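For clarity, every value in this text was computed on a predicted model and none was experimentally measured. Each chain gets a letter, A, B and so on, in the order the sequences are listed, and its residues count up from 1.
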Protein chains: 2
Amino acid sequence: MKLSDLIEQYILDFFKENEMVELKRSELANKFNCVPSQINYVISTRFIPELGFYVESRRGGGGYIKICRTNLNRSDYISDIIDKISQNLSQTTLDVYLNDFVRYNILNKKTANIVRVALSDKSLAKVDKYDRDLVRSDMLKNIIVNII
Amino acid sequence: MKLSDLIEQYILDFFKENEMVELKRSELANKFNCVPSQINYVISTRFIPELGFYVESRRGGGGYIKICRTNLNRSDYISDIIDKISQNLSQTTLDVYLNDFVRYNILNKKTANIVRVALSDKSLAKVDKYDRDLVRSDMLKNIIVNII
DNA sequence: ATGATATAATAGTCAAAGAAAGTCAAAGTT
DNA sequence: AACTTTGACTTTCTTTGACTATTATATCAT
């Protein structure tokens with residue numbers, strides 16, 4: 001598994017117990033034997049506002065990175081999410097969303113997987129490359145609208 | 001025997017033990033002393049949904065190609081369907097299939113509906129009108145081999 | 001004590017380098 | 001003609017590092 005995925009998982013594990021995770025960037029980088037900015041990469045690709053994570057941090061002595069998730073209930077989450085899904089949805093970001101949907105019980109694992117497959121680049125191979133992310137976004141939005 | 005056939009056989013051998021094979025394109029190319037794109041050729045000509053395979057991949061560091069197999073024999077019904085889904089799948093025909101799937105307990109109603117919405121013309125609005133049926137066909141085939 | 005300044009300890013940014021896989025068309029085989 | 005092999009070029013995602021920005025603490029002058 002990729003380093004970034006490991007770090008993501010490590011952080012996500014905290015959320016099983018907690019609403020909020022506070023970490024020291026350099027410590028974490030140390031634990032995973034990487035440069036500190038790798039942590040920023042993971043956060044900016046996986047702990048995104050669209051999924052209800054918000055991140056605050058402080059530099060200097062005693063600095064920290066705090067990741068919180070807004071604890072929406074299921075129906076609030078659903079009504080919010082459509083607006084937040086941007087016009088462009090990459091395969092990778094879709095994955096991040098789908099994991100979240102499973103967490104919120106919007107889709108079960110099996111269905112999420114079907115959606116993942118249906119909207120994959122492979123399935124969309126015949127769609128113009130530059131339109132794929134647009135189409136994916138439309139599809140996901142339609143799915144969500146329909147669930148409501 | 002042709003190189004492509006050798007590679008095909010090599011991959012198929014894994015399936016004797018396993019339902020899923022994950023490989024590194026460049027490693028495999030190396031083992032067979034060929035260019036990496038040869039692997040793509042083998043996959044795209046032999047590991048296709050029509051034959052019960054579902055393929056997914058990822059680029060970048062830690063990338064991979066994952067091939068999953070569905071035992072089409074397990075269900076004559078399904079393999080028939082895949083054969084029947086031609087290159088072109090209209091919205092209407094999709095509906096027919098989906099109803100069948102529900103009847104045969106392959107998908108539950110809710111999931112079938114999600115698929116219906118995801119593959120609808122509305123979701124595919126940004127896809128060239130003349131390509132929609134092609135895309136729909138690819139999507140459904142991938143879904144089918146994936147769910148079994 | 002007080003305020004000013006330096007120093008150390010953090011975190012952030014951004015672009016380049018790296019590590020895969022994908023595409024496509026030309027050339028080669030059968 | 002159909003299928004296979006090859007390779008140059010593209011795209012996607014990750015890792016790294018040099019440089020910047022911010023904050024806390026220590027030190028120094030008054």
Hey, which sits more toward the 5' end of DNA chain C by its nearest nucleotide, B:Ile65 or A:Glu56?
-> A:Glu56
Under the salt bridge (Lys or Arg N to Asp or Glu O under 4.0 Å) rule, what pairs show up with a residue in residues 136-148 of chain A, not counting sequence neighbours?
-> A:Asp121-A:Arg136, A:Asp133-A:Arg136, A:Asp138-B:Lys126
Atom-to-atom span, CD1 of A:Ile67 to P of C:dG12 - whole angstrom | 10 Å
In whole angstrom, give the distance that lies between atom CG of A:Leu3 and atom P of D:dC13.
-> 17 Å
Sub-3.5 Å pairs of nitrogen or oxygen atoms, protein against nucleotides 6-10 of chain C:
residue : atom : partner : partner atom : Å
C:dT10  : OP1  : A:Gly62 : N            : 3.4
C:dT10  : O4'  : A:Gly60 : O            : 3.1
C:dT10  : O2   : A:Gly60 : N            : 2.9

Do you know which two heavy atoms are closest between A:Ile106 and B:Lys110, and how far apart they sit?
-> O-NZ, 4.0 Å
Here the distance between atom C1' of C:dT29 and atom CE of B:Met1, to the nearest Å, is 17 Å
Whether A:Phe101 and A:Tyr97 hold their rings parallel, tilted or perpendicular, with breakpoints at 30° and 60° | tilted
Assert: residue with more 5' nearest nucleotide on DNA chain D, out of A:Thr45 and B:Lys2, is B:Lys2
Between A:Leu6 (CG) and D:dT14 (C1'), how many Å, whole number?
-> 13 Å
Indicate yes or no: at least one non-hydrogen side-chain atom of B:Ile39 is less than 4.5 angstrom from one of B:Val42.
-> no
Can you name the closest pair of heavy atoms from A:Val145 and A:Ile82 and give their distance?
-> CG2-CD1, 3.5 Å
Rounded interatomic separation in angstrom, taking CD1 from A:Ile48 and P from D:dC13 = 13 Å
Which salt bridge (Lys or Arg N to Asp or Glu O under 4.0 Å) pairs, counting each pair once, include a residue from residues 86-107 of chain B, with sequence neighbours left out?
-> B:Asp100-B:Arg103
Measure from OH on A:Tyr41 to P on C:dT13 and round the result to the nearest Å.
-> 16 Å
For D:dT5, does either OP1 or OP2 sit under 4.0 Å from a side-chain N or O belonging to B:Ser4?
-> yes
Pairing residues for B:Lys109 by the salt bridge (Lys or Arg N to Asp or Glu O under 4.0 Å) criterion, not counting sequence neighbours = none
For B:Ser4 against B:Gln38, the heavy-atom pair lying closest together = OG-NE2, 2.9 Å
A:Ile43 CD1 - D:dT15 C1' separation (whole Å) = 16 Å
Take the angle between the ring planes of A:Phe32 and A:Tyr10 and call it parallel below 30°, perpendicular above 60°, tilted in between.
-> perpendicular
Would B:Phe53 and B:Tyr41 show up in the same hydrophobic cluster when neighbours are defined by side-chain heavy atoms closer than 4.5 Å?
-> no
Selection: residues 117-138 of chain A, any non-hydrogen atom under 4.0 Å of DNA chain C | none
Do any N or O atoms of the protein come closer than 3.5 Å to N or O atoms of nucleotides 7-9 of chain D, and which pairs are they?
residue : atom : partner : partner atom : Å
D:dG7   : N7   : B:Ser37 : OG           : 3.2
D:dG7   : O6   : B:Ser37 : OG           : 2.6

Within less than 4.0 Å of OP1 or OP2 of C:dG22, is there a side-chain N or O belonging to B:Ser57?
-> yes
Have a look at A:Ile39 and say if it touches a base, only the backbone sugar-phosphate, or nothing, with a 4.0 Å heavy-atom cut-off.
-> nothing
For residues A:Val135 and B:Val135, determine if any side-chain heavy atom of one lies less than 4.5 Å from a side-chain heavy atom of the other.
-> no
Do we get A:Arg58 above A:Tyr64's six-membered ring, with its NZ or CZ under 6.0 Å from the centre and within 45° of the axis?
-> no
What's the CG-C1' distance between B:Asp5 and D:dT5, to the nearest Å?
-> 13 Å
